[in-house]
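First the structure, in the form of structure tokens, and then the observations on it.
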Amino acid sequence: MSEDRALVEDVLAGRAGAFERLVRQYQGLCWHIIDRMVRHPDDTPELCQEAFLRVHQCLHQYRFESALKSWIGQVAYSVAKRHLERKRIPIVEPVAGDDDGEAFSPMDTVSDGFDLEAATADDEMAALLHAQIEALPPLQRTLLTLYHLEEVPIVEIARMTGIAEGTIKSHLFRSRALLRERLQARMGAHA
């Protein structure tokens with residue numbers, strides 16, 4: 001947190017190279033969030049630029065209540081979400097029986113035992129898994145990326161997205177179940 005504070009203070013003080021350091025440090029996170037949400041390679045660079053412009057404009061509002069990574073992730077998520085809303089692209093597919101697509105049962109928060117890493121043990125399975133992840137709705141794609149690839153804890157994902165932790169767990173559970181089902185159908189019962 002002290003490194004975050006020093007970097008933010010350097011940027012706010014206008015020290016040479018400080019904002020560039022911030023961008024270099026967090027551009028991968030920003031790219032992953034936006035790219036997973038919008039899935040339009042032509043839009044991603046522009047939206048990342050918009051996200052960092054917002055970071056620069058609003059950095060004085062950052063209060064160190066969470067990691068800088070979480071705050072920047074929240075800005076990137078917000079930019080991507082607004083982009084999808086403007087284009088009228090739904091970020092999540094409602095689940096049958098859910099009025100708002102956000103409800104979950106207590107069973108959804110229990111681990112399903114599906115190990116994404118083990119499922120990608122060989123190249124063919126990895127390619128199939130990545131293709132199936134790409135077919136998921138933007139929100140599920142993003143949550144899986146943040147949790148499994150970026151290894152962002154659920155509490156931090158909740159801060160970034162403004163989505164309740166239970167809802168995130170539900171989306172992760174359902175996404176993994178869907179991926180497992182699709183992989184088993186494609187690769188046989190041993191997937």
Side-chain angles (χ1 to χ4, degrees), residues 4 7-8 11-12 18-95 98-104 108 130-176 178-179:
D4 286 351
L7 182 56
V8 169
V11 172
L12 292 175
F19 188 69
E20 290 80 9
R21 281 194 330 267
L22 182 141
V23 170
R24 271 194 314 274
Q25 188 169 344
Y26 295 106
Q27 67 187 355
L29 173 70
C30 185
W31 185 274
H32 274 130
I33 291 170
I34 290 173
D35 188 53
R36 288 293 180 175
M37 288 288 289
V38 302
R39 296 312 303 156
H40 289 97
D42 296 339
D43 294 338
T44 302
E46 182 180 322
L47 292 171
C48 283
Q49 193 172 34
E50 181 181 334
F52 279 110
L53 178 61
R54 288 187 193 278
V55 165
H56 192 270
Q57 291 170 338
C58 299
L59 193 59
H60 67 280
Q61 296 174 355
Y62 174 60
R63 298 289 174 235
F64 303 98
E65 294 167 356
S66 63
L68 183 59
K69 176 180 184 175
S70 297
W71 188 78
I72 291 174
Q74 181 181 13
V75 172
Y77 177 80
S78 176
V79 166
K81 185 177 177 187
R82 273 195 309 280
H83 174 78
L84 292 174
E85 288 168 350
R86 281 193 306 265
K87 292 194 174 251
R88 292 178 168 58
I89 298 171
I91 66 167
V92 64
E93 292 177 0
V95 176
D98 288 352
D99 293 334
D100 61 2
E102 298 274 342
F104 66 95
D108 289 342
H130 287 289
Q132 294 302 321
I133 290 172
E134 293 303 313
L136 291 172
L139 181 62
Q140 283 85 354
R141 246 190 341 255
T142 303
L143 295 177
L144 279 171
T145 299
L146 288 172
Y147 186 72
H148 289 289
L149 300 179
E150 291 287 327
E151 298 179 353
V152 177
I154 288 176
V155 67
E156 293 296 320
I157 295 172
R159 286 185 183 130
M160 288 180 189
T161 62
I163 298 171
E165 289 180 40
T167 303
I168 292 168
K169 290 176 185 178
S170 176
H171 281 298
L172 288 170
F173 180 87
R174 289 175 179 164
S175 297
R176 287 189 303 253
L178 181 61
L179 289 173

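Because only heavy atoms are used, hydrogens play no part in the values below, and waters and symmetry mates are left out as well, while side chains stay in.
Sorted by first and then second residue, the salt bridge (Lys or Arg N to Asp or Glu O under 4.0 Å) pairs with a member in residues 44-59 read Glu50-Arg54; sequence neighbours excluded.
Thr145 and Arg36 share a side-chain donor-acceptor pair at under 3.5 Å.
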- Task: Evaluate side-chain contact (heavy atoms from CB on, under 4.5 Å) for Leu146 paired with Leu29, printing each intermediate quantity in order.
- Result: CA-CA 9 Å; Leu146 288 172; Leu29 173 70; 4.0 Å; yes

- Could you walk me through whether His32 and Leu149 pass the side-chain contact (heavy atoms from CB on, under 4.5 Å) check? CA-CA 10 Å; His32 274 130; Leu149 300 179; 5.8 Å; no

- Evaluate the side-chain contact (heavy atoms from CB on, under 4.5 Å) criterion for residues His148 and Arg176: first the C-alpha distance (whole Å), next the side-chain angles of each, then the deciding distance (0.1 Å), finally the verdict. CA-CA 11 Å; His148 289 289; Arg176 287 189 303 253; 3.4 Å; yes

- Message: If you apply the rule side-chain contact (heavy atoms from CB on, under 4.5 Å), what do you find for Phe64 with Val8, and how did you get there?
- Response: CA-CA 10 Å; Phe64 303 98; Val8 169; 3.9 Å; yes

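Residues Leu68 and Tyr26 form a side-chain contact, since some pair of their non-hydrogen atoms from C-beta on lies under 4.5 Å apart. At a threshold of 4.5 Å between non-hydrogen side-chain atoms, the residues Leu178 and Gln132 do not count as touching. Between Glu134 and Arg141, the closest side-chain pair of non-hydrogen atoms falls below 4.5 Å. Looking only at side-chain heavy atoms (C-beta outward), Val79 and His83 stay at 4.5 Å or farther from each other. In this structure, Thr161 and Gln74 have side chains that are not in contact, with every pair of non-hydrogen atoms separated by 4.5 Å or more. For the pair Asp43/Ile34, no side-chain contact is recorded, criterion being any heavy-atom separation below 4.5 Å from C-beta on. Between Pro138 and Leu84 the shortest side-chain heavy-atom distance falls below 4.5 Å. Using a 4.5 Å cut-off on side-chain heavy atoms (C-beta onward), Val55 and Val23 make no contact.
Under a cut-off of 6.0 angstrom, the local environment of OH in Tyr147 is sparse, with at most 12 non-hydrogen atoms contributed by other residues, nucleotides or ligands.
Under the 30°/60° scheme for interplanar angles, the aromatic rings of His56 and Phe19 are found to stand perpendicular.
The heavy-atom pair separating Pro41 from Pro45 by the smallest distance is O-CD, 3.1 Å. Here the closest heavy-atom approach between residue Gln27 and residue Arg24 is recorded as CG-O, 3.8 Å. Nearest heavy-atom pair, Ser66 versus Trp71, reported as atom, atom and distance to 0.1 Å: OG-N, 4.3 Å. Taking both residues in full, the closest heavy atoms of Leu7 and Ala18 are given as CD1-O, 3.6 Å, listed atom of the first, atom of the second, then distance.
Here NZ of Lys81 is found 14.5 Å from CD1 of Ile89. Values are rounded to the nearest 0.5 Å. Atom CD1 of residue Ile91 and atom CD of residue Glu85 lie 7.0 Å apart, to the nearest 0.5 angstrom. The structure places CD1 of Ile72 at 10.0 Å from CD1 of Ile33, a figure rounded to the nearest 0.5 Å. For the atom pair Glu150 CD and Leu144 CG, the distance stands at 13.0 Å (nearest 0.5 Å). Atom CZ of Arg82 and atom CE of Met37 lie 11.0 Å apart (nearest 0.5 Å).
Within the 3.5 Å criterion, the main-chain N or O of Val38 finds a donor-acceptor partner in the side chain of His40.
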